[in-house]
Structures are given as C-alpha cells and as structure tokens.
Amino acid sequence: MVETEQAPPGTVQPKLTLRGIRKSFTRRKITVEAIAGADLSVNQGEFVTLVGPSGCGKSTLLMIAAGLEEPTEGDVVVDGRLAGPPGPDRCVVFQRFALFPAMTVRKNIEFGLRMARVSSKERAERALAEIEMVGLQGFEDAYPHELSGGMQQRVAIARALVLEPDILLMDEPFGALDAQTRAVMQEQVARLCSELNLTVLFVTHSVEEAVYLGDRVAIMTARPGRIKDQILVPKDADWRGLSVEDATGHADFSALRTAVWKQVKEELNVRPATKS
Amino acid sequence: MRVTEQQRPVGQIRNGPPFGRHMPAVVGMTALVFVVVVWWILTAGTNIMSPQVMASPTDSAWTLGRLMVDPFAGSTLPEHALASLNRWARGYLAAVILGVPLGAIFAWYRDVRSALSPIFETLRYIPPFAWVPIAILWFGPGTTAQAIVVFIAAFPPCVINTHRALTTLDPTVLRAARTVGASRLATLIRVALPASTPGITAGLRIAVSNGWMALMGAELIVGQKGLGFLINAGGENGQPDVIIAGMVSIGILGLILDTLVLTLTRPMLQWRKGIESGD
C-alpha cells in the first residue's frame, strides 16, 4: 500500500519527513526507549545537521531514515510517500567507511551502478567522474586497506554520489578522522553539496561541524531522543564559503555556535562547576 | 616499513641474522638433520632399537626407492599413492563443493540453518571411521566408500569456517551494500564471500589434512590398495622399513596437497596483500 498525501497549497512538500518516530530496544528483558517521538523534515536541496549528546539516538534515527532499522512507531516519508526498503534513493555514508574490502576503489564506486544494471561503459565513465570529483585520481586500483581514513571516506562519499541519490544520509562521517583531515573533508563536502544542490541529513556530535555544514541545525534531547529545537543558519551568512578555520573565527558563526551549544549542553546533564 | 617478525639475537641487530632471510629455512633444515642423525644413532649406529622394531634411515630410504618399482602387497608405491590420492580428491572436492555453499546458506538464511543445524551438529560428532561399515555396505569396499570417509572428515571445516567467516564480517559493510541497491543474494555473492576468503580458505586447508588423515586410517581397516593399506601390510609382514617408507610418503604427500590448495587459493587472497606479512 502506498500512502500519498498532498502538501497544503502554498507550502513546499519536504523531500524527507520523519514523523512521530519512536524506537525502543529490548535487551536482556530490559526495554530501553531510544527515541521518543522525533519529527523532522528535510526540504529539497537542504542540508540539515542533526546534533545531540552521545547516546541520544541520532544515529538510530538516521538508520531509520535509511530504512536499515525499523521504527517501533512512526513513518519515514519520501516525497509524500511512505519510504520503501533501503536503496539507492537514500544513500548512506557511514562513520567507519564500510567500504567493500575485497574491491578496488573503482569497483567500490561502480558497485551500486552494477546493481542497477548500468552498462559497463557508462559505469566506468561515471565512476571516473566521481573519482576526479573527490580527488582520488591515481588510486583507482587500490584496495580500501591501502588508503588512509580520509581517502577511504572520500571513496564512500563517491560510492554514494555516483548513484545520484535523492537524499544523502551521513552518519558522523568524519568522526573517525584526525582533526586536519576532518577540516579538509568538511570544506569539500560543503562545496560538493552546494554545487550539486544535494538534499542531506547529516548526523554529528560536533556543534561546530553542525553549524558549519548545515542550512538548519536540529538539536536532539538526551535519551530518549526527541527533536528539541531547530536553528536556521542563514544561507547568505558572511562566513559561507570560508574555510573552517576562517569561519569559526567569525563573530556571527560564534554566536550561532554558542546558541546551539547551550541547547546541547542542557542535555548533557553535567552539574555546573562550583568553586569549593 | 614493517618490522620483521623474526627474533634477532641482541648484538646482531645491525648486521641482521646470519644467513639473512634464509635463516628460518636453515634452522628448519638443521633440526631435521638432527632428528635423522639421532634416529640413525638409535638404530644402525648403536642397535638400541633392533631392526625388527625400527628400520634405520638408510634402510628406509633404500626401501622407499625399491618400492617405487617393485610391487609390495600387490602394487608399487606410486600405485598405492595414486589410489589414495584418487580417493582423497573425490572426497575432498565433494566436501568443498557442498560444504562452502552450505556454510554460506547457514550464514545467510536463518530458517535453513534452524532446520539443518541440529542434523549437521549431531552427524559431525560421528567420527569418519564410524562411517566405514555403512559405506562398505552401500558401495562395496572400493574407491567410493573410501572417498566418503574423506568427505565426512573434510566437510565440517568447509561448512563451519565459511559460516563463521561470513557471520563475523563487519555488519556495516553489508548494510552499505543494501543501501546501494544490492539484493541479499548479490550482497552474499559479490560482497560477503569475497571479503570472507581468509576464513574460508583456512577451512579448506584444515579440510585437506582432516580428509587425508581420515583416509589413511580408513585404509588401515579396509581395502587392497593405498598408502594406509601399504603400511598395514608392512606391519603384518614385520617390515619396519616398509612402514617407515610408507609413513614418510604419507607425510610428504599430505604436505604437497596442503601446498597445492594453498597455491590454488592464493589468488582469492590477493586483495589482502599488505595486511599480513604472510607465513
């Protein structure tokens, strides 16, 4: 059954909507509520970052959006229709890269196209274009274990982008990278996503990353997670297009970062430091 | 650069070990020569072990050469060896061809595993030799009965190693395959199995020795040919030199079979080059 719903006239129908998502796990007879009714939508061409304290269920929410996990309650809606099983319409970039270990860079990137029965000639052309876009020329025939973490994540991004996904879901993609590599990757992703006008839902625990990359920052509460607040990041902010280090020094950026950080901090449940 | 795994004596770090990278081979050969010398001293050298119970290295070597051309217990040594190899090859190939897919099915289709696993787990605790009487009853005391013993011994490591290798893969890699549009079966064949080759090929090698050893045991019990039959006949004739020559042949052929399988499976591990320094 396919449920279709029209957006009210005059409003834009979101590309992706998470509606009333609840998720609970039962382990050793103990039921833990991970997500307690999360509502979130991402519009076409919008980059939404999802930030929250660790263990708040933000990655689980992303996996539910991808169709890789079933919500206990609630719906994932893509273009007004209930989303089906996981597939190339909602590509995922994972924290630990998750490349296919026995395939070369080229084969990794071509794999999704191969599954879609794209001809080998077209596969090769499109893979090559992606390899150039993420700057991996010369490493086409390397195996994942021969690459650095940053390069592996670029392969993972190319593997997703080559399928021209409607929605790109990223689960702390730079969490496993060192600080310098992370900064470079953040700039590259910011540039790629704005050039290609991608629709992105991006999970991170870094407030700075959330503000730098997002058009909108959604903040989650501590477990059980809900969307606590959403903060718009102006598209025309002065620091847009700047490198991470230049942007973070900008006063407007700092103000936003502080606003988001305060909200996250409330969820950390840390007692304020007191003088003794 | 990778640090070599060899232990170097203190004080020789700068010059490297004597004989350089051939050091392990030199040490191994020295130990082998030492054992043969001790063997010779115990037998021909001092007669501590009389020729009735133990043949000397030289006698055993002569007998080995003689058995190449002169028949013993009906056949020459190469004929006995060929009979054994034929039985082994049939049983082993059947075990691999059926065992690896069954292990994959166990890993991928939980319902099939639930149905077949109790049967498999019960049967695998019946030793290969225990199948000899029923195999002979069904197929007669020939190649097929012996090949079944090899199959019974070689089958479990193929199944278990394939199953384990597949279930210990990083689950995120399998999720990644799903999100780029691969079906469950395509994920198994194109992503999971290639990534599991280290575990699977380890099982194939265990299966080589399991099958070969079980066959030698089965040939002691039944048959008119084969290396196991040869050493049994040597024992019944009171000829330790024949027994030793047969045992050495069994060991060398087992080593050759293992090396053969190792060589044939090496291309499947090519992608891992550099992860391990090898053995």
Side-chain angles (χ1 to χ4, degrees), chain A residues 59 62-63 65-69 83-105 107-118 141-147 152 155-165 167-173 176, chain B residues 1-3 100-101 103-104 107-110 161-204 264-278:
Chain A
S59 284
L62 193 85
M63 290 302 133
L68 289 169
E69 283 190 33
D89 57 330
R90 287 165 290 157
C91 270
V92 184
V93 175
F94 297 90
Q95 179 176 5
R96 303 263 10 159
F97 324 135
L99 297 177
F100 308 130
M103 290 185 206
T104 60
V105 167
K107 290 264 170 65
N108 259 281
I109 296 171
E110 284 188 12
F111 183 71
L113 297 172
R114 190 181 189 132
M115 291 298 107
R117 302 185 187 286
V118 172
D141 296 317
Y143 286 98
H145 75 265
E146 297 170 325
L147 303 178
Q152 290 191 44
V155 177
I157 291 168
R159 180 176 69 180
L161 291 184
V162 75
L163 297 170
E164 293 166 1
I167 300 159
L168 186 61
L169 302 168
M170 303 179 94
D171 183 17
E172 299 200 34
Chain B
M1 233 192 84
R2 195 175 296 270
V3 178
V100 173
W108 236 238
Y109 303 100
R110 193 188 292 178
N161 272 61
T162 305
H163 178 197
R164 269 202 65 79
L166 285 168
T167 47
T168 50
L169 284 178
D170 178 0
T172 343
V173 170
L174 307 179
R175 287 181 151 196
R178 287 182 72 195
T179 65
V180 295
S183 67
R184 230 176 123 57
L185 189 62
T187 305
L188 173 66
I189 292 170
R190 298 203 177 268
V191 176
L193 280 173
S196 302
T197 49
I200 295 171
T201 53
L204 298 187
L264 289 176
T265 55
R266 190 160 283 153
M268 292 196 265
L269 300 170
Q270 195 58 34
W271 62 268
R272 282 174 63 82
K273 223 173 148 186
I275 291 182
E276 288 159 0
S277 58

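Every value quoted in this text rests on a predicted model; they were computed, and no experiment measured them. Protein chains get the first letters and strands the later ones, always in sequence-line order, with residue 1 at the start of each. All heavy atoms count here, side chains included; hydrogens, waters and symmetry mates do not.
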Query raised in the report: Which is it for A:V93 and A:D171 under the side chain to side chain contact (heavy atoms under 4.5 Å, CB included) test, yes or no, and what are the steps along the way?
Result: CA-CA 6 Å; A:V93 175; A:D171 183 17; over 6 Å; no
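- Under the 30°/60° scheme for interplanar angles, the aromatic rings of A:F100 and A:F111 are found to stand perpendicular.
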Requested in this report: Go through the steps to decide whether B:V191 and A:M103 satisfy the test side chain to side chain contact (heavy atoms under 4.5 Å, CB included), and finish with yes or no.
Outcome: CA-CA 8 Å; B:V191 176; A:M103 290 185 206; 3.9 Å; yes
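- If you tally non-hydrogen atom pairs under 4.5 Å between each of A:A160, A:A102, A:G112 and chain B, the highest count goes to A:A102.
- Residue A:E146 touches chain B through its side chain alone, counting heavy-atom pairs closer than 4.5 Å.
- For the pair A:V162 and B:V180, the minimum side-chain heavy-atom distance is 4.5 Å or more.
- With a 4.5 Å cut-off on non-hydrogen atoms, A:L113 does not touch chain B at all.
- Looking at B:A177, the atoms closer than 4.5 Å to chain A (heavy atoms on both sides) sit in the backbone and in the side chain alike.
- For A:L68, the parts lying under 4.5 angstrom from a heavy atom of chain B are both the backbone and the side chain.
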Query raised in the report: Can you check side chain to side chain contact (heavy atoms under 4.5 Å, CB included) on A:Q95 and B:T172, steps first, answer last?
Result: CA-CA 9 Å; A:Q95 179 176 5; B:T172 343; over 6 Å; no
